[in-house]
2 protein chains.
Amino acid sequence: MADTLIGRRRSILQETRCQTCSLSSLCLPLALEVDDMDQFDAIIRRRAPLKKGEALFRQDTPFSSVFAVRSGSLKQVTTEGSGEDQLTNFYLPSELVGLDGIDEQHYPGTVVALETTTVCEIPFDRLDHLAESMPELRGQLYRSMSKELRDDRRMMRLLSRKTADQRLASFFTSLSERFRRRGYSPYSFRLSMARADIGNYLGLAVETVSRILGRFQTQGLVAVSGREVNILDLPALTRLAEEEGAH
Amino acid sequence: MADTLIGRRRSILQETRCQTCSLSSLCLPLALEVDDMDQFDAIIRRRAPLKKGEALFRQDTPFSSVFAVRSGSLKQVTTEGSGEDQLTNFYLPSELVGLDGIDEQHYPGTVVALETTTVCEIPFDRLDHLAESMPELRGQLYRSMSKELRDDRRMMRLLSRKTADQRLASFFTSLSERFRRRGYSPYSFRLSMARADIGNYLGLAVETVSRILGRFQTQGLVAVSGREVNILDLPALTRLAEEEGAH
DNA sequence: ATGGGACCATGACCACGATCAAGAAGGAAA
DNA sequence: TTTCCTTCTTGATCGTGGTCATGGTCCCAT
C-alpha cells in the first residue's frame with residue numbers, strides 16, 4: 001500500500017524510473033538486469049527541479065548522496081581561502097555529480113543549476129550497499145570515477161599546453177560530442193553558461209573568450225549569436241582542438 | 001608446503017606482507033581487520049624493483065592491475081596525437097597507480113620510475129572480488145579515487161589561476177606535506193625528478209623553473225643544490241602557494 | 001514601453017612567461 | 001682521469017593573453 005502510494009506520487013510528479021528514462025543507456029544503471037534495476041530504482045530519490053541559479057548543494061556541506069543529472073545542466077564551483085572562484089566542471093544529463101566528495105565526506109564545491117534542472121538523488125550508503133551484491137553496478141561506479149579522472153587529465157593538458165584558441169575549440173568540440181552522444185544535434189545547440197563561466201573554466205579572461213568567438217566567426221568555424229551556437233566546420237575545429245602549443 | 005615455499009621466497013626477496021609494511025596506515029588495506037588483510041595480502045603480487053627510467057606499464061596497454069607504490073617514485077606521462085608529452089602525476093609510496101585505466105580498460109599514460117622503485121601489483125578483478133565482501137576495502141577504494149579527483153581539481157586550479165611562483169611554491173609545499181605524512185622530514189628532501197619534469201607537470205618552461213628556483217633561493221625561502229632541497233621558510237612558501245592570480 | 005543590471009564586444013596597453021641562444025655543471029662510462 | 005651527453009642556469013627578446021576602460025546589447029521587472 002505504501003508502495004503504491006509512493007509509486008503513484010512518483011508517476012504524478014514525473015517519471016522517475018530508470019527503465020523508462022531515456023538516459024539509462026548512459027547513466028549509472030547501464031548494464032543492469034531488469035531485477036537489479038528495480039532495486040536500484042527503489043533507492044533513488046527525486047528532487048524538485050532546480051531553478052536557474054539554485055544550488056544542488058554547497059561547498060563543505062556533508063557528503064551524503066551522488067546525483068545523476070536528468071535534464072538541464074549544472075556547474076561546479078570551488079572557492080578556496082584567499083582566492084577567487086574556480087569553475088571545475090559542467091554537468092550534462094546522465095552525468096554523475098558529487099563523486100569527489102566521498103573522500104573527505106563533504107562536497108568540495110558548490111554545484112549550481114545553469115537552467116531549470118532535474119536530478120536523481122542517489123544516497124551513497126545505499127548505493128554502496130547495492131553495489132555489494134551487484135558487480136555490474138560496482139563496475140559502472142568505478143568506471144564513472146575512472147572516466148572523470150581521465151577527463152580531468154585531459155583538462156590539465158588543455159590548461160597547461162593549449163593556446164586560447166585551442167581551448168575554445170576543445171570546449172566546442174567536447175560539447176558537440178557530448179550532445180551527439182545524448183541524441184541532440186552536434187552542430188546546433190544553446191550554451192547554458194555565460195561567457196564568464198566558459199572563461200573561468202578554461203582559464204581565460206572573459207574578454208579573451210569574446211574575442212576568440214569573434215575570430216572563429218569571421219573564420220567561418222562557428223556562427224554564434226548570443227548563446228546560440230552553430231558549428232559550421234567541425235573538422236577544422238577538431239583539428240584546432242587537437243593541436244597543441246604555440247603554432 | 002607450497003605456502004611455505006612462497007612465504008619463504010617472499011621474505012627472502014623482501015617483505016611483501018601488508019601487516020608489516022610501514023605504509024599500511026596510508027595504503028589501500030588501511031582499516032582492514034587482520035583476517036581481511038591476510039586475504040588481501042594473498043592477491044597482491046610483488047614485482048621486481050624497477051630501475052630508474054623503466055616503465056611500469058605503457059600507454060594504451062590493456063588495463064589489468066592497479067599498483068601501490070612501496071618505495072621510490074614514478075611519473076605518469078601521456079602522449080596525445082600530435083602533441084607533446086604531458087606529465088600528469090607524480091606517485092609517492094602508498095599511492096595508487098592506474099586507477100584512471102578502469103574506464104577504458106587500458107592505461108591512459110605511461111608510468112615510469114624516477115629512481116629505483118618497488119610496487120605491489122594488485123590485479124583489479126581480484127581486488128574487486130574481494131571488495132564485494134569487504135565494505136572497508138570498497139570504501140577505501142572509493143576514497144582513493146575520490147581523493148585523486150580532488151587532487152586533480154586542485155591541479156586545475158593551479159594551472160588556470162596561479163602564477164609561476166605560486167605554482168612552484170605549491171609544488172614544494174605539497175611535496176613537503178606528502179613527505180611529512182610518510183614520516184620523512186618535511187623540510188629536507190631530494191627531488192627524484194628533473195627540472196624538465198617539474199616544468200612539464202606545472203605547465204612551465206624549464207627555464208622558468210630554474211629562474212624561480214634561483215629567486216626563491218635569494219629570497220631565503222629554500223636552499224636548493226641540484227636536487228637537494230631545504231625548505232627554509234615553510235610558512236612564507238605556504239602563503240605564496242595559497243595566493244592566487246596576478247598580485 | 002522603459003529603466004536598470006547583467007552580460008557581452010572591442011580597443012589600448014602592458015606583463016608574465018615562452019622561446020631562442022649560449023654556456024656551466026653534473027654524472028656515467030671508457 | 002677524460003670524454004660526452006644530459007641537465008641546469010642565465011641572458012635577451014618577443015608574443016599571447018590579462019587588465020583596464022568604454023560602449024553596446026540583451027533580458028527581465030515594473
Side-chain angles (χ1 to χ4, degrees), chain A residues 51-53 75 83-87 112 114-116 158-171 190-219 222-229 240 243-247, chain B residues 51-53 75 83-84 86-87 112 114-116 158-171 190-218 222-229 240 243-247:
Chain A
K51 286 199 283 285
K52 177 175 174 174
K75 61 176 174 182
E84 272 180 38
D85 287 353
Q86 162 77 3
L87 205 165
V112 175
L114 291 168
E115 57 196 310
T116 302
L158 177 146
L159 290 171
S160 73
R161 312 207 85 81
K162 292 191 180 178
T163 65
D165 309 29
Q166 291 157 1
R167 293 183 198 194
L168 257 301
S170 298
F171 181 69
R190 183 170 215 295
L191 301 170
S192 58
M193 68 292 283
R195 301 283 189 277
D197 290 333
I198 300 176
N200 190 325
Y201 179 61
L202 296 177
L204 298 172
V206 202
E207 295 92 325
T208 306
V209 176
S210 261
R211 269 187 262 273
I212 291 175
L213 252 48
R215 202 183 309 156
F216 279 3
Q217 187 117 267
T218 67
Q219 292 171 330
V222 295
V224 184
S225 166
R227 295 192 177 181
E228 285 309 324
V229 175
L240 184 53
E243 278 178 26
E244 262 175 36
H247 47 160
Chain B
K51 286 201 280 286
K52 178 175 174 173
K75 63 177 173 181
E84 272 180 38
Q86 161 77 3
L87 205 165
V112 175
L114 291 168
E115 58 196 309
T116 303
L158 177 145
L159 290 171
S160 74
R161 313 206 86 80
K162 293 192 179 178
T163 64
D165 309 29
Q166 292 157 2
R167 293 183 199 194
L168 257 300
S170 298
F171 181 69
R190 183 170 214 296
L191 301 171
S192 57
M193 68 290 286
R195 300 282 190 277
D197 290 333
I198 299 176
N200 190 324
Y201 180 60
L202 297 177
L204 298 172
V206 203
E207 295 93 323
T208 306
V209 175
S210 258
R211 270 186 260 275
I212 290 174
L213 252 47
R215 202 184 309 156
F216 279 2
Q217 187 118 268
T218 67
V222 296
V224 184
S225 166
R227 296 191 176 181
E228 284 310 323
V229 175
L240 184 53
E243 278 178 25
E244 262 174 38
H247 48 160

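Sequence lines set the chain letters: A, B, ... in the order given, protein chains first and strands last, and positions in each chain run from 1.
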[X] has an atom [atom1]; how far is it from atom [atom2] of [N], in whole Å?
{"X": "Gln166(A)", "N": "dG15(D)", "atom1": "CD", "atom2": "P", "value": "17 Å"}
{"X": "Arg161(A)", "N": "dT19(C)", "atom1": "CZ", "atom2": "C1'", "value": "14 Å"}
{"X": "Leu202(B)", "N": "dG17(C)", "atom1": "CG", "atom2": "C1'", "value": "14 Å"}
{"X": "Phe216(B)", "N": "dT9(D)", "atom1": "CZ", "atom2": "P", "value": "13 Å"}
{"X": "Leu191(A)", "N": "dC26(D)", "atom1": "CG", "atom2": "P", "value": "16 Å"}
{"X": "Asn200(A)", "N": "dT19(D)", "atom1": "CG", "atom2": "C1'", "value": "16 Å"}
{"X": "Leu213(B)", "N": "dT7(D)", "atom1": "CG", "atom2": "P", "value": "16 Å"}
{"X": "Leu114(B)", "N": "dT7(D)", "atom1": "CG", "atom2": "C1'", "value": "15 Å"}

| Residue whose closest nucleotide on DNA chain C lies nearer the 5' end, Ala164(B) versus Met193(A) |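 Taking each residue's closest nucleotide, the earlier one in sequence belongs to Met193(A).
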Below 4.0 Å: OP1/OP2 of [N] and any side-chain N or O of [X]:
{"X": "Arg227(A)", "N": "dC7(C)", "value": "no"}
{"X": "Thr208(B)", "N": "dG17(C)", "value": "no"}
{"X": "Arg211(A)", "N": "dA9(C)", "value": "no"}

About how many Å separate [atom2] of [Y] and [atom1] of [X], when rounded to the nearest 0.5 Å?
{"X": "Ser170(A)", "Y": "Glu244(A)", "atom1": "OG", "atom2": "CD", "result": "8.5 Å"}
{"X": "Leu191(B)", "Y": "Asp197(B)", "atom1": "CG", "atom2": "CG", "result": "10.5 Å"}
{"X": "Arg161(A)", "Y": "Asn200(B)", "atom1": "CZ", "atom2": "CG", "result": "4.5 Å"}

To the side chain of [X], which of [options] is closest?
{"X": "Asp165(B)", "options": "dC8(D), dA9(C), dG17(C)", "answer": "dG17(C)"}
{"X": "Ser210(A)", "options": "dT9(D), dT10(C), dG17(C)", "answer": "dT10(C)"}
{"X": "Ala194(B)", "options": "dA9(C), dC8(D), dG17(C)", "answer": "dC8(D)"}

| task | Classify the nucleic acid contact of Gly199(B) as base, sugar-phosphate or nothing, counting any heavy atom under 4.0 Å across all strands shown. | result |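 The residue Gly199(B) makes no contact with any strand.
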| task | Name the nucleic acid region contacted by Leu204(B), choosing base, sugar-phosphate or nothing; use a 4.0 angstrom heavy-atom cut-off, strictly under. | result |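 If one applies the 4.0 Å heavy-atom cut-off, Leu204(B) turns out to touch the sugar-phosphate alone, with no base involved.
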| query | Are Lys52(A) and Glu115(A) within salt-bridge range, i.e. N to O under 4.0 Å? | reply |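 Salt bridge: no.
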| said: Given 3.5 Å as the limit, does a donor-acceptor pair link the side chain of Glu228(B) with the main chain of Ser225(B), or not? | reply: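 Checked: no pair found.
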| Side-chain donor/acceptor of Glu207(A) to base of dC8(C), under 3.5 Å |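 Counting by modelled atom types and ignoring angles, no donor-acceptor contact under 3.5 Å is found here.
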